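The model shown is predicted, which means the values in this text are computed figures rather than measured ones.
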Protein chains: 2
Amino acid sequence: MTAVDTATLTAPATIEEFRERLAAITDGLPRRLRQCADHIAANLDRIAVSTVAELAAGADVPPSALMRFCQILGYSGFSEMQKLFRDAYSPGFPDYSTRLENLKQGGAGTPSALLGEFIEAGRLSLEALAKSADEVALAQAVALLSAADTVHIIGLRRAFPVASYLAYVFDKMAVPAMLHEGTGKLDHRHALRPGDAVLAITFAPYSEETISLAQDARARGLKVVALTDRITSPLARVGDAILTVPEVDFGAFRSLSATLALAIALAVAVGSARG
Amino acid sequence: MTAVDTATLTAPATIEEFRERLAAITDGLPRRLRQCADHIAANLDRIAVSTVAELAAGADVPPSALMRFCQILGYSGFSEMQKLFRDAYSPGFPDYSTRLENLKQGGAGTPSALLGEFIEAGRLSLEALAKSADEVALAQAVALLSAADTVHIIGLRRAFPVASYLAYVFDKMAVPAMLHEGTGKLDHRHALRPGDAVLAITFAPYSEETISLAQDARARGLKVVALTDRITSPLARVGDAILTVPEVDFGAFRSLSATLALAIALAVAVGSARG
DNA sequence: GGCGTTTTGGAATAATTATTCCATTTTTAC
DNA sequence: GTAAAAATGGAATAATTATTCCAAAACGCC
């Protein structure tokens, strides 16, 4: 047997474990078995509703290779593995996908097709956010902003809609907040006072004004909450709490669905925390 | 045979048809078969991943009763019926829902729970948009705005983020556009010139300024595209093209996911149509 | 209450699908 | 280049699962 059989003893019991195991063993697998791994990884969602023969055909291997693969993963066979996916199967239901197909069918570039793409991008972003959201960072951010006197919100360009919605929600919830828009090239920096906090939002390509304001606030000892796209963003270096949001772009534009969901949750949580 | 067999000839080919058929025949079915219908209706989402025996057990009937039921619906047997559900199965990622549960588990009111709710609201909105989007109205709206000289965008309060994102996208795509924000109570109404078009956005409770601007534009012979929540909205009366978007609220705040998806699709389509 | 009709349950069978096994090929190590 | 080890494909078999069929039960009608 291969070096892999150290892993043979325990079969993954959740989809998450399954993913990890898959990633861990894929390298160092012989050709046919790797084809299995690749195809399985790319079609996790179809395992629940496929037969050995179908999956094997998709991976372009004989059924027996796929059986071996299941056993390497630690299962007694395909059926046992499939059970995991059948139990976890959640209905991403129904006509939704059919309808999406219809929308896209008009052909690339038609308004309906574009709409279909943006809907899809939004949905993927939300799902990714559900999976990746950092609960600890979110709690931190809520704590920082709840303790602040005034919340200063800054987000320009593509981040501006988010900033303005935050300002709206804070206003409705009676949280003292100020929206910094670059109108008239004034940066209203003097409005930052000790005890305040800054909520800064920016995505690649990062806007300088936003980063500069955040740095400035930091230097003056104010707390900074960063809402950005990656942990490697320049904003992440100056934030006391870092919230990252995975947004799926379609074409040049991002959907903002995930970003807004996170932003509202943050704002509402802060609003309730302040009573 | 029963009175039902008039329907026997054609088997439902989509989930939607299946639903209708089910509803249509359930009354007037003998006891065991009705149990099948009820259980199937309540577990549509598990058909793809279940066996005859499992479903029969769930409905508390012998397998043969379930087989008969499938045939009454017009299928050759269970397998053929199941195929419909296996094919239509849309990849709603397996652990997405698990993770959502985890987020919500923190307890009502915690930041994570809120985030979970907003993600869910966003996703539902997007799905509803996919199902309800009016392709004809969208095409009309694109045509109107593409033909305009300048596009005037107005959306206040909760609609403002949408308006500002539209302004951003139009700018990036070199479409002449002007964002009307209420700054300083100026309404810049004189900026509306013959040949321009207005893109107005408002949701209940509808903002007067937006409606007033739209009416004014209409009176002057400009084309008006309305982006709103219902067909009965006051904005719908003054629009040359009406786009409605079903948004799921959570608490007092709406997710905007669906609205933004529609808005970007519209903007990008207009951008490409203009060259 | 008896007779024709419909419905029912379960056992028998057919079809499909998973799994094993081993002869053959390919790779690896020397 | 050769021998040992690993990987492979496919045919044979086992297991599961779907489907049919029919005797028995329930029902409706007169």
Problem set entry | Pair B:Arg68-B:Gln71, side-chain donor/acceptor within less than 3.5 Å |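 Note: B:Arg68 and B:Gln71 side chains miss the donor-acceptor criterion.
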Short heteroatom pairs, N/O only, protein and nucleotides 25-30 of chain C, under 3.5 Å:
none

Exercise. Of all heavy-atom pairs between B:Val268 and B:Met173, which one has the smallest distance, and what is that distance?
Worked result: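 What the structure gives for the nearest pair is CA-SD, 3.7 Å.
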Using a 4.5 Å cut-off on heavy atoms from C-beta on, say whether the side chain of [Y] contacts that of [X].
X: A:Leu114; Y: B:Leu266; answer: no
X: B:Leu262; Y: B:Leu129; answer: yes
X: B:Thr244; Y: B:Arg230; answer: no

For this session: Please confirm whether B:Tyr165 and A:Phe253 have ring centers closer than 6.0 angstrom.
Result: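 Centroid separation for B:Tyr165 and A:Phe253: 6.0 Å or greater.
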Problem set entry | Of all pairs that satisfy salt bridge (Lys or Arg N to Asp or Glu O under 4.0 Å), the ones with a partner from residues 70-83 of chain A, not counting sequence neighbours |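 Counting only pairs at least two positions apart or across chains, the salt bridge (Lys or Arg N to Asp or Glu O under 4.0 Å) contacts touching residues 70-83 of chain A are A:Lys83-A:Asp87.
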Output a table of nitrogen or oxygen pairs between the protein and nucleotides 13-20 of chain C separated by less than 3.5 Å.
from: C:dA18; atom 1: OP1; to: A:Val52; atom 2: N; distance (Å): 3.4
from: C:dA18; atom 1: OP2; to: A:Val52; atom 2: N; distance (Å): 2.8
from: C:dA18; atom 1: O3'; to: A:Ser79; atom 2: OG; distance (Å): 3.0
from: C:dT19; atom 1: OP1; to: A:Ser79; atom 2: OG; distance (Å): 3.4
from: C:dT19; atom 1: OP2; to: A:Phe78; atom 2: N; distance (Å): 2.5
from: C:dT19; atom 1: OP2; to: A:Ser79; atom 2: N; distance (Å): 3.3
from: C:dT20; atom 1: OP2; to: A:Gln71; atom 2: NE2; distance (Å): 2.8

Exercise. Whole-Å distance between D:dG10 P and A:Leu66 CG?
Worked result: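 Rounded to the whole Å, the gap is 15 Å.
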For this session: Whole angstrom is fine here: how far is it from CZ in B:Arg32 over to P in D:dA26?
Result: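 One finds 11 Å between P of D:dA26 and CZ of B:Arg32, rounded.
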For this session: Measure from NZ or CZ of A:Arg158 to the centre of the six-membered ring of A:Phe203, then state whether that distance is under 6.0 Å and the direction lies within 45° of the axis.
Result: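 Output no; distance or angle outside limits.
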